[in-house]
Amino acid sequence: MHADESLLEIKHAVLYEVAKLAFEGELEEKRDDIAKKLIPGPRANFRCCIYKEREIIRQRVRLAEGKGVEAENDDNIMQVIYSACADCPISSYTVTENCQNCLGKACINSCRFGAIEAGRHRSHIDPGKCKECGQCAKACPYNAIAHLQRPCKFSCPVDAITYDEEGICKIDSEKCIRCGQCMHACPFGAIGTKSYITHVIEALKSDKKVYAMAAPATEGQFGKDITMNSWKKAMKEVGFDDFIEVGLGGDMTAAYEAEEWAEAYKEGKKMTTSCCPAFVNMIDKHFPELKDNVSTTVSPMCAVSRWIKSQNPDAVTVFIGPCVAKKSEAMEHGIEGNADFVLSYSEIEAIMKAKDVELQPEENTYQEASIYGKKFAGSGGVTAAVLQSLKESEDEIDATVCRADGAAECKKALLFMKAGRLKEDFIEGMACEGGCVNGPSSNQKPNVARKNRNAMLAEADKRDIHENLKNYDMDAFSMHRS
């Protein structure tokens, strides 16, 4: 799911203005000018008036600086912009023009909460009294009462979204798994995430060594000619000291998770993967009794970050990818040595634009990962890599794996595990359908990205996982989450 183009334009424009001013050292002085610059008036572009539009821009500026919106300043990276959410329909049940204003008043008689009253031309539902039980819709002989499912709530896989008395979306931080599905489901652009572009820019302007790390899902997101070589060159032009593909971390994670799987299989213990932070959040918040079943191996992002910091302890590591939950992993999970900051593709593009840098076609010759590490980005990729690692170490096991593709499948698999009815030995959990390649901040439509990606992966050499890892000092850092 992707936001409509006009919403993306607004988001990108704000990120660019913030990035440009941050590089120029003028953000503090000119922050308040951004809203007027983007919304000059006198006519409104997408809301009722320029004042509401400017307020939305101001809140997006706050998010771009890594701050919470003023009315929702909690620790959750997911934030609701109240001034944008206010335009969404308040009641989920509404009386349509099909209402015949009949004498029987079946709708009124069916409501136990006194939420429906007769009107001159049709009945009316008071959203303040409506409990959304749906009895009125069932009772109406003309099917005149429609159930409007608000996109944000409908998209949330863990029922973390409710509404206050004004009908404004509320995200329960204790339930939210930070998957980002609500953000791109909202047609009003009212849900966003905190960004850390200003933090990254300050690091780039400092004397620190700053490293960019791109998710395996990156290949194919910007066309088949934009390779990891393209990224390496562009990131150095922006000011990063170096660039590493996180597929290397996929190899690292696969090798160590394979050891856990082998041991657990011998003990008859069922386990889950740990590389998808939204899946890990789902377990932490909704299935806490299964925490001991989660692999203790760090994610590929953390593995590469720790490898970099084992060589340079003062290094600043920045992960780039399509995943919103990775921000949660870096900022909320408290894992030592993990990435310092996480940027979405739109956020790194704003930084590149501010530095007048563009991704250019380059030969597909830069490769840090095996093909198995690169395929971590797709559903089933983690399983394939772990099983391959077991094969290479001659420790193969006759294990079965539940490949939970998407948050709904993850939830279903975990319910079976909790009930002791999971048939498979392990669960590979990916909160996004199709895997990270279809993350909420992906840059390309899934079918196009998949075609580009397959063409690029076909050009990769066929090195084995353990063969590849011999090139790196794996004893210099720990691969465990604690």
Side-chain angles (χ1 to χ4, degrees), residues 1-18 34-35 38-39 44-92 94 127-128 132 147-195 197 278 322 324-325 327-328 344 346-347 350 407 439-442:
M1 292 178 291
H2 292 273
D4 154 296
E5 286 298 320
S6 60
L7 297 179
L8 287 176
E9 287 177 8
I10 296 163
K11 176 183 175 181
H12 293 174
V14 171
L15 290 172
Y16 166 66
E17 292 295 333
V18 170
I34 296 176
L38 296 181
I39 311 294
N45 298 306
F46 52 90
R47 289 294 190 274
C48 60
C49 63
I50 61 171
Y51 306 107
K52 176 174 279 192
E53 292 182 345
R54 287 173 180 172
E55 174 59 20
I56 293 170
I57 296 298
R58 279 191 283 269
Q59 295 303 328
R60 284 206 166 274
V61 170
R62 288 183 61 85
L63 290 179
E65 293 184 85
K67 303 172 183 176
V69 297
E70 291 173 339
E72 184 83 15
N73 195 13
D74 64 15
D75 294 331
N76 194 345
I77 60 163
M78 306 300 305
Q79 298 274 303
V80 179
I81 301 173
Y82 278 34
S83 47
C85 185
D87 286 338
C88 197
I90 292 176
S91 178
S92 65
T94 186
E132 302 185 15
H147 185 200
L148 302 179
Q149 292 183 313
R150 290 176 67 168
C152 56
K153 185 173 183 178
F154 181 72
S155 68
C156 180
V158 290
D159 299 320
I161 294 180
T162 55
Y163 310 107
D164 65 15
E165 61 277 5
E166 300 298 327
I168 302 298
C169 170
K170 300 285 289 184
I171 300 176
D172 186 340
S173 185
E174 296 304 312
K175 291 183 178 181
C176 175
I177 61 173
R178 283 66 163 158
C179 64
Q181 296 303 311
C182 60
M183 179 175 69
H184 287 289
C186 176
F188 289 94
I191 302 177
T193 68
K194 295 178 183 178
S195 171
I197 58 172
V324 168
K327 293 183 179 183
S328 168
S344 67
S346 58
E347 290 163 352
S441 292
S442 55

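Atom set for the values below is all heavy atoms of this structure, side chains included, hydrogens, waters and symmetry mates excluded. Just so you know, these numbers come straight off a predicted model, no measurement behind them.
Considering M183, E347, K327 in turn, M183 is the only one that fulfils the side-chain contact (heavy atoms from CB on, under 4.5 Å) rule with S441.
Side chain of R54 to main chain of I39: a donor-acceptor pair is present (N/O by atom type, distance under 3.5 Å, no hydrogens or angles). No donor-acceptor pair closer than 3.5 Å links the side chain of Q59 to the backbone N or O of Y82. For the pair Q79 (side chain) and K194 (backbone), a donor-acceptor distance under 3.5 Å is absent.
Considering every non-hydrogen atom in both C182 and S155, the closest pair reads CA-OG, 3.3 Å. What you find for P151 and P187 is that their closest heavy atoms are CG-CD, 3.8 Å. Between A84 and G189 the shortest heavy-atom distance is CB-O, 4.3 Å.
Atom CD1 of I77 is separated from atom CD1 of I171 by 10.0 Å, given to the nearest 0.5 angstrom. How far SG of C152 is from OH of Y163: 4.0 Å, rounded to the nearest 0.5 Å. Distance check, rounded to the nearest 0.5 Å: CD1 of I81 to CD1 of I57 gives 8.5 Å. We find the SG-CE distance between C169 and M78 to be 9.5 Å, quoted to the nearest 0.5 Å. In this structure, NE2 on H12 lies 4.5 Å from OG on S346, to the nearest 0.5 angstrom. To the nearest 0.5 Å, atoms CG (D159) and NZ (K175) are separated by 6.5 Å.
Checked for salt-bridge contact, E65 and R62 miss the test: no charged N lies under 4.0 Å from a carboxylate O. R47 has no carboxylate O lying under 4.0 Å from a charged side-chain N of E55, or vice versa, which leaves the two without a salt bridge.
Contact of the R150 side chain with the C85 side chain is registered, since non-hydrogen atoms from C-beta on lie closer than 4.5 Å. Counting only heavy atoms from C-beta outward, the side chains of T193 and L63 never approach each other to under 4.5 Å.
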Open item on the list: Go through it in stages, so that I can follow the logic: the residues are D172 and T162, the test is side chain to side chain contact (heavy atoms under 4.5 Å, CB included), and I'd like the CA-CA distance, side-chain angles, deciding distance and then a yes or no.
Closed with: CA-CA 8 Å; D172 186 340; T162 55; 6.0 Å; no

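At a cut-off of 3.5 Å, with distance as the only test, a side-chain donor of S173 or R178 sits close to an acceptor on the other residue.
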